[in-house]
Amino acid sequence: MRHREETIRVLDLETGYHSKKGITVITRGISASLYSGELTCLIGPNGAGKSTLLKTLTAFLPPLKGEVFIEHKRLGEYSDAELSKVIGVVLTEKLSLNNMSVEELVEMGRSPYTGFWGRMDKNDRRIVAESIALVGIDNLRGRMIQTLSDGERQKVMIAKALAQETPVIFLDEPTAFLDYPSKVEIMQLLQRLAREKNKTVFLSTHDLELALQIADKVWLIDKPHGVTIGTPEDLALEGNMTRYFHREGVVFDNESGLFKICHHIDRTATLVGEGIRFNMVKKALGRHGINADDASSDGIMIEVVDNGYLLNGKKVHSIGMLLDMLNDTD
Amino acid sequence: MSRQITMLLMLLLALSIIAFIILNLLLGTVRIPAGDVIDILLGNHSDNRIWTNIVMKSRLPQSLTAAMAGAGLAVSGLLMQTVFRNPLAGPSVLGISSGASLGVACVVLLSGSIGGVTLSRLGVIGEVSITLSAITGSLLIMALIAFVARKVRGNVTLLIMGVMIGYIANAIIGVLKFFSAEEDIRAYVIWGLGSFSRVSGGQTTVFIVLMMILLPTAFFLIKTLNLLLLGDSYARNLGLNIKRARLLVIGCSGVLVAVVTAYCGPIVFLGLAVPHICRGLFHTSNHAVVLPASLLGGASLALLCNLIARLPGFEGALPVNSVTALVGAPVVMWVLFYKRKNEV
């Protein structure tokens, strides 16, 4: 059962650092909320202040101005011990930890609840076992941390955050350094946790595509514009995506709601046919600077037929051969 | 590693301590038959008063001092390696022993050249003042390092700071030596060689009681130490007050080194090597295991070093520091090689 509740409210927040040279303001004027059962992604270019914002929300940094409320209580009013039962974090920094087993590390997540000696009782052990199962790392239990891959390590840290039993989980770039399937896996895992466990999950990431497909809400952060918040779809419709990530060679495809690499077009070809093979030919041609059209003026005629492709009437069997022939005619 | 094997290893370590204490009581420059040693220990009057004196006033206090000092240094080294997150941290590397040396040098050397009193001739008062000056010196350096620790980021910087502080302390000692009487310099150099037999009579009891109080306090820090392993940010997120934790750990470790150094002189390498041996032996970083293991291992290794230093033939003249370095340095090297293969 999902019951969506506001867990975090940010009011006119200004983040930044106090340094010797004075105050450095990174972002200002953020007012927003985070909800339980939702996965929210914080997206923005490097140096936009993603980490600073996360650090401020986790109370590692004091806010320069404004307020952060967590479960209707001012962040500054929480003690370290109280906060450890409300916010769990997963950080980018790699643990320089040897000779500690996965299970022991997840058990550390119970420290806010264990007593002076850190002894685990039955309930603690049950929660640790559940957290490990939920993340799907039962097979890693006895492994030493230093023998894990980056993706596995990230899952262990997520299990630690789960064992902490906090309503809110903050993750700083949990998908950095991972290969693509692992990125997808971690994101899906986090989405599942938000849904099933009704957690408020907030993470920063550079993986736009994934974030746009999986996030319930997106916070776009940028130096000149500040923070813009909405569902990925709303942000796309309002043209925010194009504005935020305008770069040479990248276009935001409003149809699919995803980013596309924009190729420089120098030729056109007439392409006839239908189905998935039609689309694949179109994609391959695009990569080679050829725009597929209904009626081309460049004298290239491609037809998708049953068991191959016809290039100006000549039959080839694969797209690779088709491209070779096209390039030979240059 | 299973619980049973851990317990078994722990038991073996404890047994090795008992074995080494017995060997320490039996072996020495003067041959005393085992039966007589047992008689003397049981309080039966032996016919040979000299033997009684050797066992009760030299070998027994020396063994107990060695065990306590070894345990203290190993525990202190472990705490420092964890809090500074650096495998090379240890009492002798961070300049804390140098601080103790500086304290002792100030008192021993200056009392002669300024006060006109030769401390080395003052007996018990001299010993007490040396102890106090060593404690003061190392605690001052410890405070300095703790202060620097709060200001600088990065543990390598801190470690280099510690080494530099050590150099400065040694330089000052050099200057003091230059202006001192030969007799005082001799007293200082002998203190600097390190020895488990320097402590005599009632002072042994004081030392042992102090260590009995200090060592268990380290056990109160097990949960804190384990959290510190995760790094500051994770530890803080798990509810640890980092500043207080760091101060407690550095303080506990510093007092341990200070007391041991005060009574035994600067003993090198034990504090650095033993935690590494224990982590390797027990295949864990969990302080609930490594801390008691280091305590037992430190005591055991110190007894072994003491035994080697007093082997018949050396006439009891081999400085303990040479032995600890000879045993400790290869162990550290072995640990580094071993790590390369298995952990990187």
Side-chain angles (χ1 to χ4, degrees), chain A residues 20 51 54-55 57-61 78-101 103-120 142 144-148 156-157 160-161 163-166 168-172, chain B residues 1-3 6 81-82 84-87 151 153-156 216 219-245 275-291 293 335-336 338-344:
Chain A
K20 278 174 195 160
S51 292
L54 265 174
K55 276 184 194 157
L57 292 182
T58 43
F60 287 154
L61 268 180
Y78 281 94
S79 69
D80 282 349
E82 287 169 336
L83 207 56
S84 65
K85 296 178 182 174
V86 183
I87 299 175
V89 298
V90 175
L91 308 163
T92 9
E93 66 182 57
K94 211 174 158 181
L95 285 172
S96 56
L97 194 58
N98 288 324
N99 289 327
M100 183 182 268
S101 74
E103 193 167 15
E104 279 177 306
L105 184 55
V106 178
E107 281 176 3
M108 300 285 254
R110 293 305 298 163
S111 5
Y113 302 92
T114 56
F116 185 77
W117 298 101
R119 188 153 293 191
M120 311 266 297
M144 292 293 168
I145 297 298
Q146 71 266 23
T147 67
L148 300 179
V156 174
M157 292 321 290
K160 181 234 64 164
Q164 218 173 326
E165 286 199 302
T166 55
V168 181
I169 299 179
F170 284 135
L171 305 96
D172 193 7
Chain B
M1 183 171 280
S2 76
R3 222 185 142 76
T6 306
Q81 283 169 15
T82 301
F84 289 121
R85 302 168 61 67
N86 193 311
K151 297 279 168 193
R153 285 192 166 272
N155 294 306
V156 176
F219 282 79
F220 293 124
L221 295 169
I222 287 179
K223 186 175 171 183
T224 302
L225 289 166
N226 278 339
L227 282 171
L228 282 173
L229 278 181
L230 296 181
D232 286 0
S233 304
Y234 276 123
R236 210 178 138 184
N237 178 245
L238 287 168
L240 189 72
N241 183 333
I242 296 289
K243 275 188 185 158
R244 206 182 59 193
H276 283 298
I277 302 173
C278 292
R279 273 188 290 254
L281 207 59
F282 288 86
H283 292 292
T284 181
S285 297
N286 186 351
H287 287 83
V289 175
V290 182
L291 187 66
V335 166
L336 290 178
Y338 180 80
K339 258 197 169 155
R340 262 275 152 82
K341 260 188 290 175
N342 288 286
E343 281 160 18
V344 183

Student: Return the minimal non-hydrogen interatomic distance between Asn237(B) and Ile87(A), and the atom names on each side.
Tutor: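 Looking at all heavy atoms of both residues, the shortest contact is ND2-O, 2.9 Å.
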
Student: Over all heavy atoms of both residues, which pair between Asp80(A) and Leu240(B) is shortest? Give the atoms and the distance, please.
Tutor: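 Closest pair (atom of Asp80(A), atom of Leu240(B), distance): OD2-O, 3.8 Å.
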
Student: Look at Thr114(A), Leu105(A), Thr58(A) and state which one has the largest set of heavy-atom pairs under 4.5 Å with chain B.
Tutor: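 Most heavy-atom pairs within the cutoff with chain B belong to Thr114(A).
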
Student: Taking Asp232(B), Asn241(B), Leu238(B) one by one, which has the highest count of heavy-atom pairs under 4.5 Å against chain A?
Tutor: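 If we count pairs closer than 4.5 Å to chain A, Leu238(B) comes out on top.
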
Student: Relative to chain B, which segment of Lys55(A) carries a heavy atom at a distance below 4.5 Å: side chain, backbone, both, or neither?
Tutor: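 Neither part; nothing is under 4.5 Å.
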
Student: Which value, rounded to the nearest 0.5 Å, describes the distance between Phe219(B) atom CZ and Trp117(A) atom CH2?
Tutor: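 Answer rounded to 0.5 Å: 8.5 Å.
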
Student: Flag the one option from Leu230(B), Thr224(B), Ile222(B) with the top tally of heavy-atom pairs under 4.5 Å to chain A.
Tutor: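 Of the candidates given, the most pairs with chain A belong to Leu230(B).
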
Student: Which heavy atom in Gly239(B) sits nearest to a heavy atom in Ser84(A), and how many Å separate them?
Tutor: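 Shortest heavy-atom contact: N-CB, 3.4 Å.
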
Student: Return the minimal non-hydrogen interatomic distance between Met144(A) and His283(B), and the atom names on each side.
Tutor: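 Nearest heavy atoms, Met144(A) then His283(B): CE-O, 3.4 Å.
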
Student: Which of the residues Glu104(A), Lys85(A), Met100(A) is involved in the greatest number of heavy-atom pairs with chain B at under 4.5 angstrom?
Tutor: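 The candidate making the most pairs under 4.5 Å is Glu104(A).
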
Student: Between CE of Met108(A) and CG of Leu229(B), what distance do you get to the nearest 0.5 Å?
Tutor: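 Here the rounded value is 6.0 Å.
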
Student: Let's test your reading of the structure: which of Leu83(A), Thr166(A), Leu91(A), Ile145(A) forms the most heavy-atom pairs below 4.5 Å with chain B?
Tutor: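 Looking at each option in turn, the highest pair count goes to Leu91(A).
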
Student: Testing the basics here: between Glu93(A) and Ser233(B), what is the closest heavy-atom pair and its distance to 0.1 Å?
Tutor: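 Residues Glu93(A) and Ser233(B), closest heavy atoms: OE1-OG, 3.8 Å.
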
Student: Could you tell me which non-hydrogen atom of Met157(A) sits nearest to which non-hydrogen atom of Tyr234(B), and how far apart they are?
Tutor: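 Heavy atoms only, the tightest pair is CE-CZ, 3.4 Å.
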
Student: If you count heavy-atom pairs within less than 4.5 Å of chain B, which of Ala161(A), Ser79(A), Gly88(A), Gly142(A) leads?
Tutor: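 When all of Ala161(A), Ser79(A), Gly88(A), Gly142(A) are compared, Gly88(A) has the most.
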
